[in-house]
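Working notes, structure below.
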Amino acid sequence: MASHAIEIRNLYKIFGPRAASHIEAVKAGIGKAELNAEHGHVLGLKDINISMPAGAVMVVMGLSGSGKSTLIRHINRLIDPTAGEVLYDGVDICRMNERDLREFRRHKTAMVFQKFALLPHRTILENTCYGLEIQGVPSVERRRRAMGWIERVGLAGFENHYPNQLSGGMQQRVGLARALTNDAEILLMDEAYSALDPLIRVDMQTVLLDLQKELKKTVVFITHDLDEALRLGDKIAILRDGEVIQQGSGQDIVRCPADDYIAAFVKEVNRSRVIRVETVMTPLVGLAEGPPIAQGSVLEAAARQMSGHRVSVAHVVDASGRPVGRVELSAMVGAMVSPGEQDGPRRAAAE
Amino acid sequence: MALCDVVPTLLCKFPAIDEGTIRVVRKTIDENFKALVRAYANVIDVVVAPLQWFLNLLERSFTGAPWILVLAILMALVFAASRSLRITLGAGLAMVAIGLLGLWNDTMITLAIVTVSTLLAILIGIPIGIAMARSDRAQGVVNPVLDVMQTMPSFVYLIPVVMIFGIGKVPGLISVVIYALPPMIRLTNLGIRLVDKEVLEAADAFGSSPWQKLKNVQIPLALPTIMAGINQTIMMALAMVVIASMVGVGGLGRNVLQAINNQFFTIGFLNGFALVGIAIIFDRASQAYGRRLQKHSEVVHG
């Protein structure tokens with residue numbers, strides 16, 4: 001079961017009773033404030049174009065009101081778009097009829113919610129079974145599969161408890177187990193960890209990363225936390241007022257913020273955990289010096305290795321162990337510390 | 001000098017439609033209604049027959065069975081619902097007291113009609129409540145009807161009921177159902193509308209069909225409110241059986257009616273207390289059952 005990429009094209013969402021009649025004005029460039037003041041409609045999403053890579057974690061980041069939760073709900077069409085397409089495996093989700101949409105939701109997607117949204121009258125096991133029950137999977141089979149995931153998320157022994165008897169972190173593990181039991185290609189996580197306290201959040205991020213290594217689902221993860229976005233995201237899109245203002249890898253965003261808004265965001269980020277060695281790598285001249293560092297390592301890991309060896313130069317090796325370049329500690333430190341003087345937007349934002 | 005001396009008569013004395021016209025309208029409506037009822041008498045009889053049969057069956061089995069058996073079954077039911085020895089014993093004591101006062105048979109007749117009318121109210125009320133919860137338009141139509149049902153004096157709708165169905169047990173049963181129905185409908189509607197939107201969204205996200213959503217999420221989560229509706233319905237049915245005795249319903253209600261007519265103070269109160277007794281039994285048992293249904297929400301993680 002291979003996951004496919006999700007293509008979002010020219011997606012618009014206007015909230016209000018006569019949304020469709022304002023779409024031309026919005027396409028012509030009318031702003032969010034203007035639309036609200038003059039027509040009483042709210043612009044939710046404006047011309048969204050994102051290509052969400054197959055089998056990778058796509059993070060959509062933005063503050064409250066940026067439209068990120070609206071965006072994720074278009075992927076399983078809990079919200080209908082005003083215009084645009086959401087393509088998965090060549091099919092436009094927005095044009096599916098009710099039956100096809102139900103089948104799509106049952107078999108292709110699974111969702112984890114910010115406030116868990118577990119059924120309070122059902123036990124953990126019954127909650128975890130829910131998706132399979134809806135699909136009509138026989139009871140014995142669905143219990144077997146659900147138990148497997150309950151164990152995987154570390155809730156063995158709690159299967160007969162009710163959600164109210166568990167802590168927030170444990171409830172979200174149930175939410176995750178419920179989504180994974182569906183065995184869907186797309187995993188939608190709507191601020192799944194935002195309600196958890198920081199330690200548990202990091203814990204759950206690790207759970208997701210570990211699972212993703214073997215599952216290779218197309219994950220769409222919504223968050224307002226840049227650290228979380230950088231840790232989880234293979235690709236990140238930043239949303240503001242319903243528009244994508246930058247998308248790319250975490251490294252791209254930290255190194256070249258598209259505007260002051262993003263620059264203000266990334267200012268406090270621990271850059272050494274985001275930027276990878278390739279960024280500061282220079283071509284290999286002569287012999288490979290120092291310890292070998294795996295391609296794709298973040299600067300922090302590389303620096304730890306180098307200081308362990310008490311050297312200031314190392315070489316980068318690819319997956320097969322072949323040297324591909326050299327790194328110097330001074331260059332690494334340069335990339336780790338905040339922005340150089342030439343970094344205009346950042347300074348403007350800091351003021 | 002009164003104000004009316006200076007004001008034109010039209011503004012002072014309300015210009016009612018003249019009595020002759022009203023009389024004609026009234027006569028026409030009444031006669032047409034009677035004609036309509038006469039024309040459909042056969043249909044009405046057919047519709048009413050199963051109710052008559054069910055009510056008679058229940059009444060015969062309640063009054064015909066040995067009291068000890070009825071008491072045992074009642075206490076077993078109360079215990080099954082409440083899982084409380086205290087409530088069960090209380091119910092037993094109340095029934096014994098009723099029996100000692102010689103009201104056993106009348107109480108059985110009342111129990112039969114309350115049981116049938118409550119079942120009918122649930123059967124009719126829950127689907128209507130669900131329909132209201134699903135559509136704002138349905139709610140807009142049904143709500144004013146419920147308002148009328150609840151504020152119209154019950155004596156008034158006894159009139160059409162008697163005109164259509166005549167005098168007897170079944171017309172009484174129907175008027176009890178009309179009276180007891182609104183809380184069932186309203187609380188079903190309310191319960192479903194109060195279900196957490198996020199949980200509903202989750203059900204949608206997993207691809208639930210409308211029926212799966214209703215069965216797995218909405219009804220179970222609305223159940224405590226629906227139970228409160230059933231409780232209210234039982235209480236209102238018990239209140240209405242007294243008034244329904246005016247159209248021929250037997251049991252405790254008739255005794256109360258006779259006591260009013262003859263100023264039998266003691267008999268009136270004894271029968272009244274018997275009604276209170278069964279009301280309390282039903283109330284405590286159904287409330288304890290409702291609480292038991294919500295057990296999952298009680299144990300909160302600390």
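Computed from heavy atoms alone, side chains included, the values below leave out hydrogens, waters and symmetry copies. Letters A, B, ... are given to chains in the order of the sequence lines, protein chains preceding strands, and every chain is numbered from 1.
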Tell me which of these, Leu221(B), Val217(B), Leu223(B), Asp196(B), has more heavy-atom pairs under 4.5 Å with chain A than the rest.
Leu221(B)
Over 12 foreign heavy atoms within 6.0 Å of OH, Tyr289(B):
no
If you count the non-hydrogen atoms of other residues, nucleotides and ligands that lie under 6.0 Å from CZ in Arg193(B), is the total more than 12?
yes
Taking all non-hydrogen atoms of both residues into account, name the closest pair between Val199(B) and Leu119(A) and its distance.
CG1-CD2, 3.2 Å
Name, in order of residue number, those residues of residues 57-70 of chain A that have a heavy atom at a distance of less than 4.5 Å from a heavy atom in chain B; otherwise write 'none'.
none
Can you find a pair of side-chain heavy atoms, one from Ile134(A) and one from Asn216(B), that are under 4.5 Å apart?
yes
Engaged part of Arg99(A) at the chain B interface, taking heavy atoms whose separation is under 4.5 Å:
neither
With a cut-off of 6.0 Å (strictly less than), are more than 12 heavy atoms of other residues, nucleotides or ligands near CG of Leu69(B)?
yes
Would you say the side-chain atoms of Arg102(A) pair up with the backbone N or O of Gly207(B), donor to acceptor, closer than 3.5 Å?
no
I'd like to know which of Glu103(A), Arg73(A), Gln135(A) tops the heavy-atom pair count under 4.5 Å against chain B.
Arg73(A)
Cut-off 4.5 Å, heavy atoms of chain B, and the answer for Arg178(A) is both
Closest heavy-atom contact between Tyr130(A) and Ser208(B)?
OH-OG, 2.9 Å
Please identify, among Leu101(A), Asn182(A), Thr109(A), the residue contributing the most non-hydrogen atom pairs under 4.5 Å to chain B.
Asn182(A)
Less than 4.5 Å to any heavy atom of chain B: does that hold for the side chain of Leu188(A), its backbone, both, or neither?
neither
Show me, pair by pair, the donor-acceptor contacts under 3.5 angstrom made by side chains of residues 174-183 of chain B, not counting sequence neighbours?
residue   : atom : partner   : partner atom : Å
Ser175(B) : OG   : Pro171(B) : O            : 3.3
Ser175(B) : OG   : Gly172(B) : O            : 2.7

Can you tell me if Lys213(B) has over 12 outside heavy atoms packed within less than 6.0 Å of its NZ?
yes
Would you give the length of the straight line joining atom CG of Asp190(A) to atom CD of Glu198(B), rounded to the nearest 0.5 angstrom?
8.5 Å
Determine whether Glu133(A) and Gln212(B) make a side-chain contact, defined as any pair of heavy atoms from C-beta on separated by less than 4.5 Å.
no
With a 6.0 Å cut-off (strictly less than), is the heavy-atom count around CZ of Phe79(B), excluding the residue itself, greater than 12?
yes
Taking all non-hydrogen atoms of both residues, which atom of Ala205(B) and which atom of Leu78(A) are closest, and how far apart?
N-CD2, 3.9 Å
Take Phe206(B) and Arg106(A), measure what side chain to side chain contact (heavy atoms under 4.5 Å, CB included) needs, and give me the verdict at the end.
CA-CA 5 Å; Phe206(B) 280 92; Arg106(A) 284 182 188 176; over 6 Å; no
Minimum heavy-atom separation for Asp204(B) and Arg105(A), please, with both atom names.
O-CD, 3.2 Å
Of Arg77(A), Lys115(A), Met111(A), Glu98(A), the largest count of non-hydrogen pairs under 4.5 angstrom with chain B goes to Lys115(A)
